[in-house]
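Naming convention: chains lettered A, B, ... in sequence-line order (proteins, then strands); numbering from 1 in each chain.
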4 protein chains.
Amino acid sequence: MSARKQARNPGGRPRDSRVDDAIASAVRELLTEVGYTRLTMAEVAARAGVGKAAIYRRHATKQEMIFEVLLPDQFLAVAPDCGSLRADLAAVLAEIADTMASPPQGTVPGLLADVHADPALRDRFNEKYLGVQRRTLTEILDRATARGELTTRPDPATLNALLVGPVFAWLFLLTESPDGLPALTSALLDATLALTGPV
Amino acid sequence: MSARKQARNPGGRPRDSRVDDAIASAVRELLTEVGYTRLTMAEVAARAGVGKAAIYRRHATKQEMIFEVLLPDQFLAVAPDCGSLRADLAAVLAEIADTMASPPQGTVPGLLADVHADPALRDRFNEKYLGVQRRTLTEILDRATARGELTTRPDPATLNALLVGPVFAWLFLLTESPDGLPALTSALLDATLALTGPV
Amino acid sequence: MSARKQARNPGGRPRDSRVDDAIASAVRELLTEVGYTRLTMAEVAARAGVGKAAIYRRHATKQEMIFEVLLPDQFLAVAPDCGSLRADLAAVLAEIADTMASPPQGTVPGLLADVHADPALRDRFNEKYLGVQRRTLTEILDRATARGELTTRPDPATLNALLVGPVFAWLFLLTESPDGLPALTSALLDATLALTGPV
Amino acid sequence: MSARKQARNPGGRPRDSRVDDAIASAVRELLTEVGYTRLTMAEVAARAGVGKAAIYRRHATKQEMIFEVLLPDQFLAVAPDCGSLRADLAAVLAEIADTMASPPQGTVPGLLADVHADPALRDRFNEKYLGVQRRTLTEILDRATARGELTTRPDPATLNALLVGPVFAWLFLLTESPDGLPALTSALLDATLALTGPV
DNA sequence: ATCTAAGCGAGACGGTACGTCTTGTCTTAGG
DNA sequence: CCTAAGACAAGACGTACCGTCTCGCTTAGAT
């Protein structure tokens, strides 16, 4: 995922993957210890035992670094296929909720703000996060349609907002505990499925 | 709204209310022109024709300044009473959506990030924004219960997340156009009301 | 001498002269302790108990800062008038030699290199150092001419090079001790005066 | 000149002399184009079509590299013997002046500054440049003494400063044109010889 | 005909300084 | 006590450069 400018020419010393790991670990530690805003590049470098240049060789800005470190490479890599629309949606929602709830306090809101401030980061966010979500939801709807589970086929963007929004709001607007997420997502699936109409 | 530290001593020169207005206007202009992150106090002061001290006398930090300038004083001042649960929720949701959609690009996510970073701002946010929302929703539920519209009385926090979350996600995660909000909120109300059970 | 951008408008907090002094002292200390090359702005700021911005408000670059701190404000302010050409030249030469020998090891060569690398610094150097020297020498020659001490009037630039060059070479090319300067300047004056011809 | 660490073991690939030449050419080009300070090792390597390691295999530091590239191998290899003290001094002075005036703008002052900052470079400078000068001057004085041209035998260091200093000052303090050097050196010899006394 | 030590170009590495920027506080002179 | 202007301490940012190290490969001389 990282590796922004891969060497075209195979000559030259190759990137040291231990440096990637050290950076990622330092970022995660510091996010936990000091939070998104107070994380500094100098401290990441020091903590990782790495020069700042090694970081900037991999990540264009502090924001992209954090995004790239936190977003799992395998995020929604395969669309779940559990046999029913509800089960598929539940699986997707669980993975999304997990990705939101895992990073340390304040990281997700901080990142979202920077996504809105930095066009380059926005592009990466759209590509690596939103696009994957939309493709996965579309695939799930395709399968449900094939199964005859849907009377009306909802708009994927609307469905996306209806599913992800409450989880985000629960965690980052209301700042409620992640422990309440299961109950929330259960109600959320009931409500959403009411829209698609029972067969 | 403003006036964080009211003069204890009535003696001395009174605050100039034109300064308050000039600051508010400058903040709104700059949010539109350069966005939340690139707005600086020095530029607000220059644009408003005001000293930085005059700003800090009114607002403790940059973040509180923006929050106080943007949040309408009358936000959800009176709970709507339109005769039905759906109409009441629609009215509340419309006002909330409007408050979210009005500020310039990136302002709401920026503010939300700072709410997570700054405990003092979080207190103000809880008091002036979240608390009002929850109180209003509770009152609406009370009325609906009295009318006999509810078979099960939902948890206010869950309801809050179900209603506000999708609007937030639509605007700030998916970055879809505010034009799509009416369709979204309509579906949203349908789905949410399906939970409360038809009478 | 310092004060690069003087406030046009008298409004605003005035510069704190203690900051000027603290910077100058820190620069002198650090030049002595670590030398020209290893002096860093961050350390100057720390040593002076001052923010870096306070330094850059006064001095455009590290090089100009050192130049402005080291060059005495009164350098050759008044041309000596001792009654004879030789005495006048001796006085000027002593002051120039003193200005060269005073700064800590390596400072003068370092500064001279930067003068050749930075046009802005070169302008300041020409104005504050060379110009003053040439004007002073010209004035001394004028007086000697009026006294009838000169058979041929030497070119001021040549005279300048003949006088200052050996001192510079003694200190910075040969790296001989400043203790040898009196003997050198004495021989130097004899040689130079031989050119102008005895009356 | 080059070859700082000669291979002890004759095994292994020998140095490629074309690499030496390519480095020297690149250094000279870049000194002319960007000057001493802005010359970087990476750019020298790129220009020479050479790896940085190949440079550092030959030269310990950037400063030594430049010094070694610029100082002629044959600098003052043989003391001139022109039949008179003045002619000998003129020949030495011309060669020294030429060595100073040849390198691109700013190179000599830059190098001199680094000589004062780096003890290792200073040693090389003393050995390859100053020592040669002093030995040559001493030899010339010996011959002049044998010829009976000297009434008083001047101190070699003083003579060195008196001769070389004005040339240095002319070029690097006053930044006058090298075209003026012949006139300067002529006056300089007159003045200096006046000290040694006519026979 | 290997073997092997050292050369080679490319470029990543740790470290460190630079000059810019912003925040929230403080200091003027004046209303 | 307010105001406008702007200096202040602190410290993060992203860039640049140095001198070292690592990669895969080439090039001789010694066996």
Side-chain angles (χ1 to χ4, degrees), chain A residues 7-16 18-19 37-43 45-46 48-58 60-62, chain B residues 7-16 19 37-43 45-46 48-57 59-63, chain C residues 7-16 18-19 37-43 45-46 48-58 60-62, chain D residues 7-16 19 37-43 45-46 48-57 59-63:
Chain A
R8 275 90 50 192
N9 192 332
R13 180 176 176 175
R15 297 266 172 90
D16 185 341
R18 289 169 310 180
V19 171
T37 309
R38 276 173 294 280
L39 174 147
T40 71
M41 297 304 265
E43 183 62 21
V50 142
K52 284 173 62 177
I55 302 179
Y56 282 105
R57 213 172 281 124
R58 292 166 166 76
T61 65
K62 170 181 161 180
Chain B
R8 272 102 38 199
N9 189 338
R13 178 175 175 177
R15 297 262 173 92
D16 184 343
V19 171
T37 309
R38 277 174 292 280
L39 174 147
T40 70
M41 297 305 263
E43 184 61 19
V50 142
K52 285 172 62 179
I55 301 178
Y56 280 105
R57 213 171 283 121
H59 310 284
T61 66
K62 168 182 162 180
Q63 290 76 32
Chain C
R8 275 91 48 193
N9 192 330
R13 179 176 177 174
R15 297 267 172 88
D16 185 341
R18 291 170 308 182
V19 170
T37 310
R38 276 173 294 279
L39 174 146
T40 71
M41 297 305 264
E43 184 60 19
V50 141
K52 285 171 62 178
I55 302 179
Y56 281 105
R57 213 173 281 124
R58 291 165 168 76
T61 64
K62 168 181 162 180
Chain D
R8 275 91 49 191
N9 190 334
R13 178 177 175 176
R15 298 264 173 91
D16 184 342
V19 170
T37 310
R38 276 173 292 280
L39 175 146
T40 70
M41 296 306 263
E43 184 61 19
V50 143
K52 285 172 63 178
I55 301 178
Y56 281 104
R57 214 171 281 123
H59 310 286
T61 66
K62 168 182 160 179
Q63 291 77 30

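Nucleotide E/dA12 holds its C1' atom 14 Å from the CD1 atom of A/I55, rounded to whole Å. C/D16 places its CG atom 9 Å from the C1' atom of E/dT27, with the value rounded to the nearest Å.
When each of B/A48 and D/T37 is assigned the nucleotide of DNA chain F with its nearest heavy atom, B/A48 is the one assigned upstream, toward the 5' end. Taking the nucleotide of DNA chain E with the nearest heavy atom to each of A/G49 and D/A54, the more 5' of the two is matched to D/A54.
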Polar atom pairs (N or O), protein with nucleotides 18-22 of chain E, under 3.5 Å:
{"residue": "E/dC18", "atom": "OP1", "partner": "C/K62", "partner atom": "NZ", "Å": "3.4"}
{"residue": "E/dC18", "atom": "OP2", "partner": "C/M41", "partner atom": "N", "Å": "2.6"}
{"residue": "E/dG19", "atom": "OP2", "partner": "C/Y56", "partner atom": "OH", "Å": "2.6"}
{"residue": "E/dG19", "atom": "O5'", "partner": "C/Y56", "partner atom": "OH", "Å": "3.3"}
{"residue": "E/dG19", "atom": "N7", "partner": "C/K52", "partner atom": "NZ", "Å": "2.9"}
{"residue": "E/dG19", "atom": "O6", "partner": "C/K52", "partner atom": "NZ", "Å": "3.0"}

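C/R13 contributes a side-chain N or O that forms a donor-acceptor pair with the base of F/dA7 under 3.5 Å.
If you run side chain to side chain contact (heavy atoms under 4.5 Å, CB included) between C/K62 and each of C/I55, C/L39, C/T40, only C/L39 comes through.
The side chain to side chain contact (heavy atoms under 4.5 Å, CB included) check on C/A54 picks up C/V19, C/V50, C/R57, C/R58, with sequence neighbours excluded. Applying the salt bridge (charged side-chain N to carboxylate O under 4.0 Å, His left out) rule to C/R18 yields the partners C/D16; only residues at least two apart in sequence or on another chain are considered. Applying the side chain to side chain contact (heavy atoms under 4.5 Å, CB included) rule to D/T37 yields the partners C/A117; only residues at least two apart in sequence or on another chain are considered.
Side-chain N/O atoms of B/R57 include one lying less than 4.0 angstrom from OP1 or OP2 on F/dT3. For C/R58 and F/dC8, the shortest distance from a side-chain N or O to OP1 or OP2 is below 4.0 Å.
When all heavy atoms are compared, the tightest approach of B/A45 to B/G51 is CB-C, 4.2 Å.
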